[in-house]
Amino acid sequence: MNGTLKRAAVACLVMFGLLMLNVNYLQALKAEELRSDARNIRNYYDRYDVQRGRITAGGTILAQSVEKKKGDFRFVRNYPDGKVFAHVTGFFSPESQSAIENSENRYLDSTHPDLLLRRGIDLFTGEPTRGANVEVTINPRAQKAAHEALSASGKRGAVVALNPKTGAILTMVSLPTYDPNVLSGTDKPTVFGAYNKLDKDKTNGPLVNRAINRTYPPGSTYKVLTAAAFLEDDTSRDGQTIVPAPQVLDLPNTTADLPNSGGAACGGGQVPLVYALERSCNTPFGKIGMDLGYDRMAEQAAKFGVGQPLAVPHERVPERRRPQGGPGGARAGLHRPAQQSDDAAPDGHDRRRHRQ
């Protein structure tokens, strides 16, 4: 073999080697990045080729996939009572999803390892791919009642009701709200335009779940914690123990005072603990808190779960952030098993009853 042929052969081997390296690089190291790239139009169509599982609550369908008879997309997401449950279900857009649609996405679209056997059976039998259903702990009647009551007030806000024994979230309403059907269409310009319009409304913030994406002072709910700390500090105390109840409580080292609601008196200045709690008097609990001191109040707060991670499968305000007034939060579960998720903008057969 002459020198020219040798050089040509070596060049071919080198190019073949580089080609194999590139193939392995793309298929192994870059595969996930390329797969999730928004410019990968195959993903766009594949998202709507799977019959995602339903999101249900107490037998009520909150989200489902509906098969289209015509068009390029086989299934589209539908939310029968979208605005009422929007901040629970989230949306399923051309390139992303939010809330439960996101945190339980791998169950809903059948890609979770738990569903491997089911996918294998479907592949063998030729059945179309179907995701698992997800059952949440929301009580539909209570959710609708809370939504109607808050809507009637004409105010922005949130309503949350928990099962005190399990921490399960029975209602989670946030107003203003939005219609997830609008953000779950298949036409990208329409969906992205609708999202941007909602996102720009910073005054009302319809995309914000005020129940878990905002922090508020705990208010009178903290009186229960304060009462518990007071009783545990001395075993001789009970609900009939007399506590000071001034009409106005002086707050040391400040220019502010703590009154009762509306400046009203709380009994005659000395009342049983249970009386102060039943009437939600401010001054007795302010006095108790100052007398117990920071350390004992912090210890009791920890027993109530304050500072512990919230087991809610939604993006939320970080638990360790110290906003004005403090979170005053407690553990709660919207569905089981609880998982954390990251909500995202649209452009960026087995029934599983989850239990916490």
Side-chain angles (χ1 to χ4, degrees), residues 47 50-67 75-93 97-119 121-122 127-147 158-174 177 179-181 183-184 209 211-212 309-316 330-343 349-356:
R47 283 175 70 80
V50 175
Q51 184 175 1
R52 289 172 67 82
R54 293 174 174 175
I55 300 175
T56 61
T60 299
I61 297 173
L62 309 187
Q64 62 185 340
S65 289
V66 178
E67 188 169 8
F75 295 100
V76 293
R77 209 64 170 150
N78 172 259
Y79 304 85
D81 213 343
K83 289 188 175 182
V84 176
F85 300 96
H87 292 100
V88 175
T89 62
F91 56 79
F92 181 77
S93 79
Q97 54 281 328
S98 68
I100 291 294
E101 290 279 24
N102 188 39
S103 65
E104 294 303 296
N105 184 54
R106 299 191 67 189
Y107 280 111
L108 291 167
D109 71 2
S110 82
T111 59
H112 196 280
D114 289 353
L115 305 178
L116 179 62
L117 178 60
R118 182 54 184 264
R119 291 200 306 274
I121 294 174
D122 287 345
E127 292 292 326
T129 302
R130 297 182 62 183
N133 295 339
V134 171
E135 174 87 1
V136 297
T137 62
I138 293 293
N139 182 310
R141 291 182 62 187
Q143 180 83 1
K144 292 179 180 179
H147 183 270
V159 177
V160 175
L162 307 178
N163 181 325
K165 292 183 178 180
T166 65
I169 297 178
L170 305 178
T171 68
M172 187 168 69
V173 174
S174 179
T177 184
D179 185 357
N181 290 291
L183 301 184
S184 301
N209 185 345
I212 56 176
L310 287 170
V312 180
H314 289 62
E315 184 184 56
R316 57 192 183 275
R331 283 201 276 185
L334 176 65
H335 76 141
R336 290 92 38 168
Q339 298 176 6
Q340 183 175 350
S341 71
D342 295 320
D343 290 354
H349 313 318
D350 292 338
R351 182 175 186 81
R352 298 183 57 82
R353 183 177 181 87
H354 296 290
R355 186 167 186 82
Q356 184 163 322

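Sequential numbering from 1 along the given sequence is applied to the chain's residues.
- In this structure, OG1 on Thr89 lies 13.0 Å from CD1 on Ile61, to the nearest 0.5 angstrom.
- In this structure, Ala99 and His87 approach most closely via the heavy-atom pair CB-O, 4.2 Å.
- Shortest non-hydrogen contact noted between Ile169 and Thr137 is O-OG1, 2.6 Å.
- Atoms CZ and CG, from Phe92 and Asp109 in turn, are 7.5 Å apart once rounded to the nearest 0.5 Å.
- Listed by chain and residue number, nothing satisfies the salt bridge (Lys or Arg N to Asp or Glu O under 4.0 Å) test with Asp179 (two or more places apart in sequence, or in another chain).
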Inset, instruction - Could you walk me through whether Glu104 and Ile55 pass the side-chain contact (heavy atoms from CB on, under 4.5 Å) test, one step at a time? - result: CA-CA 10 Å; Glu104 294 303 296; Ile55 300 175; over 6 Å; no
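- The NZ atom of Lys83 lies 7.5 Å from the OG1 atom of Thr177; values are rounded to the nearest 0.5 Å.
- Of the possible polar contacts, none joining the Asp81 side chain to the Val84 backbone as a donor-acceptor pair under 3.5 Å is found.
- Distance check: Asn209 CG to Met172 CE gives 4.5 Å after rounding to the nearest 0.5 Å.
- Of the possible donor and acceptor atoms, one in the side chain of Asn133 sits under 3.5 Å from a partner among the backbone N and O of Arg54.
- Scanning for side chain to side chain contact (heavy atoms under 4.5 Å, CB included) contacts around Ala158 gives Arg210, Ala211, with sequence neighbours left out.
- When all heavy atoms are compared, the tightest approach of Phe85 to Ile138 is CE2-CG2, 3.9 Å.
- Two residues are said to be in side-chain contact when any heavy atoms from C-beta on lie closer than 4.5 Å; Gln97 and Leu108 fail this criterion.
- With sequence neighbours excluded, no residue forms a side chain to side chain donor-acceptor pair (under 3.5 Å) with Thr60.
- For Pro180 against Gly90, the heavy-atom pair with the smallest separation is CB-O, 3.5 Å.
- Remark: Ile121 pairs with Leu117, Thr125 by the side chain to side chain contact (heavy atoms under 4.5 Å, CB included) rule, at least two apart or across chains.
- For Ala146, the side chain to side chain contact (heavy atoms under 4.5 Å, CB included) partners are Val159, Val173, not counting sequence neighbours.
- Here the side chains of Val88 and Gln143 are in contact, with some heavy-atom distance below 4.5 Å.
- A search for side chain to side chain donor-acceptor pair (under 3.5 Å) contacts involving Thr171 returns nothing, not counting sequence neighbours.
- Here Phe91 contributes atom CZ and Ser184 contributes atom OG; the two are 7.5 Å apart, rounded to the nearest 0.5 Å.
- When the side chain to side chain donor-acceptor pair (under 3.5 Å) test is applied to Glu101, the partners found at least two apart in sequence or on another chain are Arg52, Arg77, Tyr79.
- For Asn78, the side chain to side chain contact (heavy atoms under 4.5 Å, CB included) criterion is met by Gln64, Val66, Pro80, Asn181, not counting sequence neighbours.
- Atom-to-atom distance recorded for Ile100:CD1 and Glu135:CD is 11.0 Å, nearest 0.5 angstrom.
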